[in-house]
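A quick note: this is a predicted structure, and the numbers were derived from the prediction, not measured. Just follow the structure's listing: the first ligand is 1, and inside any ligand the first atom is 1. Each residue takes its place number in the sequence, starting with 1.
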Amino acid sequence: MSEKEIKNLEKIFNQRIANDEKIEPKDWMPVKYRKTHIRQISQHAHSEVVGMLPEGNWITRAPSLRRKVALLAKVQDEAGHGLYLYSATETLGISRDELYEQLHTGKAKYSSIFNYPAITWADMGAVGWLVDGAAIINQVALTTTSYGPYARAMVRICKEESFHQRQGFEILLTLCKGSEEQKAMAQDSLNRWWWPSLMMFGPKDEESPNTEQSMKWKLKRKSNDDLRQQFIDQTVPQAKILGITIPDPDLKWNEERQSYDFGKIDWDEFWQVVYGHGPCNKERMAARVGAWDEGEWVRDAALAYAEKQKTSLKKEVSLS
Ligand code: FAQ
């Protein structure tokens with residue numbers, strides 16, 4: 001294709017973005033648009049799948065049948081989200097095997113939050129309330145993202161995340177209404193998950209290399225800092241309902257901004273976790289790689305069965 005033709009296609013593409021039209025898999029798109037979408041959507045898919053691990057660990061230890069059923073359903077939903085998102089990524093021309101390979105070799109990132117341990121039952125409440133709460137704020141913005149398959153996947157995912165957030169809040173509400181010991185467990189959980197949840201939104205805007213271009217392409221509809229602030233403003237009143245304290249002495253309502261001011265995030269900790277040195281990075285990767293290796297015989301059997309079906313179908317066609 002000549003340079004002039006590419007320029008023309010770029011002009012049409014930019015006009016479509018400006019008109020808020022969706023870009024679909026077969027449409028022309030700039031190479032960088034394709035690349036950055038593969039990066040973000042696959043990171044999102046990996047996060048869902050790795051995100052099953054801290055909770056999966058609690059299914060057998062849930063305190064009642066009702067809690068077990070809800071947690072099991074939540075973890076299954078996360079597997080489903082991973083599958084929609086891997087499928088959306090594949091529409092951009094990369095294979096599932098390549099995506100898994102990127103995860104298993106540490107080339108692709110996944111959300112920092114899933115490298116923290118879930119050590120008490122209250123953590124199942126905090127993960128739902130805070131982690132799903134943060135995920136929804138980020139993902140509602142993504143329902144209007146410019147790439148069609150991603151935006152459509154987000155609509156369904158947000159509905160399910162909203163249920164997850166409520167069930168997490170309800171776990172904590174029950175603990176907070178219980179014994180002193182149970183309330184202390186809820187407080188301890190908030191203490192450990194609060195700051196990592198704020199980190200989920202990514203680095204500060206001025207230190208976020210991808211934001212500017214992603215906003216232009218309407219991949220990101222709101223900046224990392226705007227979403228983080230929205231999360232804090234929405235979550236502080238919920239902590240008040242629970243009767244537990246957000247572990248930030250600098251958290252204060254700012255009348256002028258009509259928003260909460262908050263303390264300093266430990267960005268050094270964030271980058272340590274992102275680059276593989278969090279409390280559970282090694283454990284999480286070992287679990288994913290182990291599942292892939294142990295599942296090899298299932299993939300082989302499924303392929304052999306599909307091959308057999310294809311051959312018998314061919315035979316039937318040639319006989320008829
Ligand atoms: N963790 O320039 P930016 C969930 C990386 S789903 C690790 O600001 P961007 C459901 C970033 O990739 C949670 N890495 O990047 C659930 C980039 O590196 P790269 C996941 C992070 O993409 C709930 C570099 O830092 N959600 O929780 C993180 O414009 C409960 C510079 O950053 C999504 O993925 C981080 N927290 O903005 C499941 C939503 N933050 O790739 C189970 C979609 C940043 O250039 C239980 N993603 N990095 O090498 C997004 O909205 C964006 O990708 C951001 C980051 C906002 C995460």
Side-chain angles (χ1 to χ4, degrees), residues 32 35-58 71 74-82 84-85 88-89 102-103 106-116 118 123-143 145 147 150-151 153-154 157-158 160-165 167-168 193 195-217 219-228 230-231 265 267 269-278 281 284:
K32 278 193 175 162
K35 243 177 139 173
T36 205
H37 275 75
I38 291 177
R39 180 188 65 78
Q40 179 168 320
I41 309 174
S42 65
Q43 175 183 306
H44 195 165
H46 299 323
S47 303
E48 294 282 357
V49 170
V50 178
M52 293 162 71
L53 296 170
E55 291 170 308
N57 202 24
W58 274 93
L71 188 59
K74 180 180 194 287
V75 174
Q76 284 176 344
D77 283 350
E78 282 148 12
H81 298 174
Y84 309 146
L85 290 165
T89 320
Q102 289 178 356
L103 174 68
K107 204 173 142 207
K109 296 187 172 73
Y110 60 88
S111 184
S112 49
I113 193 76
F114 301 116
N115 293 306
Y116 290 85
D123 289 357
M124 294 302 94
V127 169
W129 174 42
L130 299 174
V131 177
D132 284 279
I136 299 169
I137 288 192
N138 172 280
Q139 291 169 14
V140 165
L142 290 171
T143 58
T145 190
Y147 188 56
Y150 194 26
M154 279 302 116
I157 290 177
C158 282
E160 292 176 351
E161 302 285 29
S162 163
F163 163 74
H164 298 166
Q165 194 266 356
Q167 73 100 29
W193 289 91
W195 292 102
S197 298
L198 299 190
M199 294 173 194
M200 280 178 74
F201 295 95
K204 282 189 282 188
D205 290 351
E206 64 265 30
E207 279 153 30
S208 159
N210 299 300
T211 293
E212 193 185 342
Q213 184 60 65
S214 290
M215 294 282 268
K216 281 190 192 147
W217 278 328
L219 162 56
K220 277 172 113 164
R221 306 304 304 241
K222 287 186 180 177
S223 78
N224 299 0
D225 284 335
D226 285 351
L227 291 169
R228 188 168 13 247
Q230 191 183 330
F231 173 72
I265 294 174
W267 292 113
E269 174 183 322
F270 170 74
W271 290 115
Q272 287 286 335
V273 176
V274 170
Y275 286 112
H277 311 296
N281 294 61
R284 301 292 183 238

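Between the side chains of Glu161 and His164, at least one donor N or O sits under 3.5 Å from an acceptor N or O. Asn115 and Tyr110 form a side-chain donor-acceptor contact under 3.5 Å, judged by distance and modelled atom types alone.
Ring orientation note: the planes of His44 and Tyr150 are nearly perpendicular, at an angle over 60° on the 30°/60° scale.
Glu212 meets the side-chain contact (heavy atoms from CB on, under 4.5 Å) test with Lys216; sequence neighbours excluded. Listed by chain and number, the residues in a side-chain contact (heavy atoms from CB on, under 4.5 Å) with Asn224 are Pro203, Asp205, Ser208, Thr211, Lys220, Arg228 (sequence neighbours excluded). For Val274, the side-chain contact (heavy atoms from CB on, under 4.5 Å) test picks out Lys109, Ser112, Phe270, Trp271, with sequence neighbours left out.
Listed by chain and number, Arg39, Gln40, Gln43, His44, Ser47, Glu48, Gly51, Glu55, Lys74, Glu78, Lys109, Tyr110, Ser111, Ser112, Phe114, Val131, Asp132, Ala135, Asn138, Gln139, Leu142, Tyr150, Glu161, Met199, Met200, Phe201, Gly202, Pro203, Ser208, Pro209, Asn210, Lys220, Asn224, Phe270, Trp271, Val274 each place a non-hydrogen atom less than 4.0 angstrom from ligand 1.
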